[in-house]
K.L.:
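Mind looking over this structure? Questions follow.
Chain A is the first sequence line, chain B the second, and so forth, proteins listed ahead of strands; every chain is numbered from 1. Remember, predicted model here, so these are calculated numbers, not experimental data.
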Amino acid sequence: MTVVTRFAPSPTGFLHIGGARTALFNWLYARHHGGEFTLRIEDTDLKRSTDEAIAAIFHGLEWLGLDWDREPVFQSRNADRHRAVAEQLLAEGKAYRCYCAPEELAEMRENARTSGGSTRIYDGRWRDRDPADAPAGIDPAIRIKMPLTGDTTIADMVQGEVTRTNDTLDDFIILRSDGTPTYMLAVVVDDHDMGVTHTIRGDDHLNNAFRQHHLFAACSWETPKFAHIPLIHGADGTKLSKRHGALGVEAYAEMGILPAAMRNYLLRLGWSHGDDEIIATEQAIEWFDLDSVGRSPARFDMDRLLNLNAHYLKNGDPAALTADVMARAGGATGKSLSPDAEARLVAGVPGLAQRANTLVELSEISSLYLYDAPLEMNEKAQAALADPEARARLSALADALENLKLWDEAELDRLVREFAETHDLKLGQVAQPLRAALTGSNVSPGIFEVMAVLGQVETLARLAHATA
RNA sequence: GUCCCCAUCGUCUAGAGGCCUAGGACACCACCCUUUCAAGGUGGCGACACGGGUUCGAAUCCCGUUGGGGACGCCA
């Protein structure tokens, strides 16, 4: 049997971290088994669903690198089918019309809460009542008949066997009085119609699984395998929400998080493979399974994400990183980029990347390669160049540099050290002013590397400006 | 309130009865390396929620307590 998983978000907001992880797990499980990863947009609540949210979900998944195998299903378009199933169940006597008014329901809810707080709200008053009793002028909703006695056990691939006594489950509505299907019905019918074999979702749905299981049974369909993964919590241990600054994945993209880092981070939240921490996606596909998913909720930890991001930045492809920095640099400032900016970045980005945690930081520190002399100097750099003696030294060094034939890092290293030695200076006494002159800052990659990347012409130009 | 789930360093986790004086990673601290900042290296700090069982032996199994979370809509 081919594995078919699904990611089924309701398009009422952006693709948040929790949804992203659910999608990742579904995707990984499908890829691991050579199955299909499908998408279903649960837009049956037309009032809350928006096109922007739908677009945000698609874009978020694309950014994460999670590709889907079929045309996405829009649940709202299947309403006729859902309704037909409800009618069928009604005809078979597995469901019934309920004529309760909203006030009656409210009363029952109040009752249940005050008298013991039972989870079972609806008392089943129309379950066996003669339809002839139906009050005039009330459109009935359709409810499914749930078992009255015994208990139900779900064999969950993550949670294990979970049992609930049936008297805690009431007859829930599958078709509203206005003829629209409820979520519970829509999910079951669509999962069946799409051939979903594994339902991997947040464990806030665990309670729904019991209801859905009986709906599958009523339809004489096989219940898919369930895997309810724990939710992601905020730093305070409660369900991640906007209050925690929970953001959509696009916000992480903007702050310069790499998709590979996000995937790795999300994967390790609740899933593990021994002591392995850095797990490339190909490796994750090979290793991923549901047995190794933990059952306790994990807290979102930005430090960890940043650390992983720094790792992927350090090992990133220079050409790709360069393209990203160029894109972020474009239009950022009024200054025009050096014609050599891109070439310098390709050479300089590896040295820069090990000093950055995000693409934003990377592009900030890239500015030393982006523009030609004269440079903007920060305070520390200005201070380093304030000393006339230091400037005189730089001028002397510039003369030596001008005559250098082979302009590479090793040669520059040799030359500058030699220069320091002849003038009886510590390397730092030469290197720091040099750094200030060449980068406009007191912080940068190794100064010989900077000179090599900049090239002889630009290096001398910057020195000329700094010593003028 | 009722039902369901969970419980190892601050955080993510390893651990499936003896390999555990509990391992790794992030964060933090110190030192080393060093032309700055990082990176890297070395070391340090730091946890089996509690109480009962079961067993020769329990972080691992069972029960209870406590704590946390989730669900209780004609929302999804």
K.L.:
How is A:R295 classified with respect to the nucleic acid when contacts are heavy atoms under 4.0 Å: base, sugar-phosphate, or nothing?
P.N.:
sugar-phosphate

K.L.:
Within the 4.0 Å heavy-atom criterion, would you say A:S441 contacts the bases, only the backbone, or no part of the nucleic acid?
P.N.:
nothing

K.L.:
Take the protein atom CD of A:Q354 and the nucleotide atom P of B:rA39, then report the distance between them rounded to whole Å.
P.N.:
9 Å

K.L.:
With sugar-phosphate meaning primed atoms plus P, OP1 and OP2, does A:E277 contact a base, only sugar-phosphate, or nothing at under 4.0 Å between heavy atoms?
P.N.:
base

K.L.:
C1' atom, B:rU11 versus B:rC45: distance in rounded Å?
P.N.:
15 Å

K.L.:
Do A:T439 and A:R435 have side-chain N/O donor and acceptor atoms under 3.5 Å apart?
P.N.:
no

K.L.:
Let me confirm one number: the CH2-NE2 distance from A:W287 to A:H273, rounded to the nearest 0.5 Å.
P.N.:
4.5 Å

K.L.:
Take atom P in B:rG51 and the same atom in B:rA58, then report the distance between them in whole Å.
P.N.:
14 Å

K.L.:
Going by atom types only, do A:D193 and A:N78 share a side-chain donor-acceptor pair under 3.5 Å?
P.N.:
no

K.L.:
List the protein contact pattern of nucleotides 64-75 of chain B with one symbol per nucleotide (5' to 3'): B for base contact, S for sugar-phosphate-only contact, - for none; contact means a heavy-atom distance under 4.0 Å.
P.N.:
-----SBSSSBB

K.L.:
Given atom CD of A:E361 and atom C1' of B:rC37, what is their separation to the nearest angstrom?
P.N.:
12 Å

K.L.:
Answer with base, sugar-phosphate or nothing: what part of the nucleic acid does A:P445 contact at a heavy-atom distance below 4.0 Å?
P.N.:
base

K.L.:
Nearest to the side chain of A:R355 - B:rC12, B:rC5, B:rC37?
P.N.:
B:rC37

K.L.:
Is it possible for you to check whether A:R125 lies under 6.0 Å from the centre of the six-membered ring of A:Y122, through NZ or CZ, and within 45° of that ring's axis?
P.N.:
no

K.L.:
How would you label the contact of A:K314 with the nucleic acid (heavy atoms, under 4.0 Å): base, sugar-phosphate, or nothing?
P.N.:
sugar-phosphate

K.L.:
Can you tell me how far P of B:rA39 sits from CD of A:E449, to the nearest Å?
P.N.:
16 Å

K.L.:
How far, in whole Å, is B:rC12 from B:rG17 if one measures between their P atoms?
P.N.:
25 Å

K.L.:
Which value, in whole Å, describes the distance between the P atoms of nucleotides B:rA59 and B:rA16?
P.N.:
13 Å

K.L.:
OP1 or OP2 of B:rA27 less than 4.0 angstrom from a side-chain nitrogen or oxygen of A:N307, does that happen here?
P.N.:
yes

K.L.:
Taking the P atom of each, how far is B:rA49 from B:rC6, in whole Å?
P.N.:
15 Å

K.L.:
Do you see a donor-acceptor pair shorter than 3.5 Å between the side chains of A:H214 and A:T152?
P.N.:
yes

K.L.:
Name the nucleic acid region contacted by A:L206, choosing base, sugar-phosphate or nothing; use a 4.0 angstrom heavy-atom cut-off, strictly under.
P.N.:
sugar-phosphate

K.L.:
Check every strand shown and say whether A:G446 touches a base, only sugar-phosphate, or nothing at a heavy-atom separation below 4.0 Å.
P.N.:
base

K.L.:
A:R304 side chain: which of B:rC26, B:rU36, B:rC4 is closest?
P.N.:
B:rC26

K.L.:
Now, which nucleotide makes the Watson-Crick or G-U wobble pair with B:rU65, with each of the two distances under 3.5 Å?
P.N.:
B:rA49

K.L.:
Distance alone, cut at 3.5 Å: any donor-acceptor contact between the side chains of A:N26 and A:H198?
P.N.:
no

K.L.:
Is the A:F210 to A:F226 ring centre distance short of 6.0 Å?
P.N.:
no

K.L.:
Categorize A:F448 for me: base, sugar-phosphate, or nothing, with a 4.0 angstrom heavy-atom threshold over every strand shown.
P.N.:
base

K.L.:
Which nucleotide wins on minimum distance to the side chain of A:D301, given the candidates B:rC26, B:rU13, B:rC6?
P.N.:
B:rC26

K.L.:
Can you tell me how far P in B:rC61 sits from the matching atom in B:rG15, rounded to whole Å?
P.N.:
13 Å

K.L.:
With P as the reference atom in both, quote the distance from B:rC32 to B:rC48 in angstrom, rounded to an integer.
P.N.:
34 Å

K.L.:
Is the side chain of A:Q456 donor-acceptor paired with the backbone N or O of A:L401 at a distance under 3.5 Å, no angle test?
P.N.:
yes

K.L.:
Measure from the side chain of A:S272, starting at C-beta and using heavy atoms only, and say which of B:rC37, B:rA76, B:rU13 lies closest.
P.N.:
B:rU13

K.L.:
Measure from the side-chain heavy atoms of A:D275 and tell me the nearest of B:rU36, B:rC5, B:rG23.
P.N.:
B:rG23

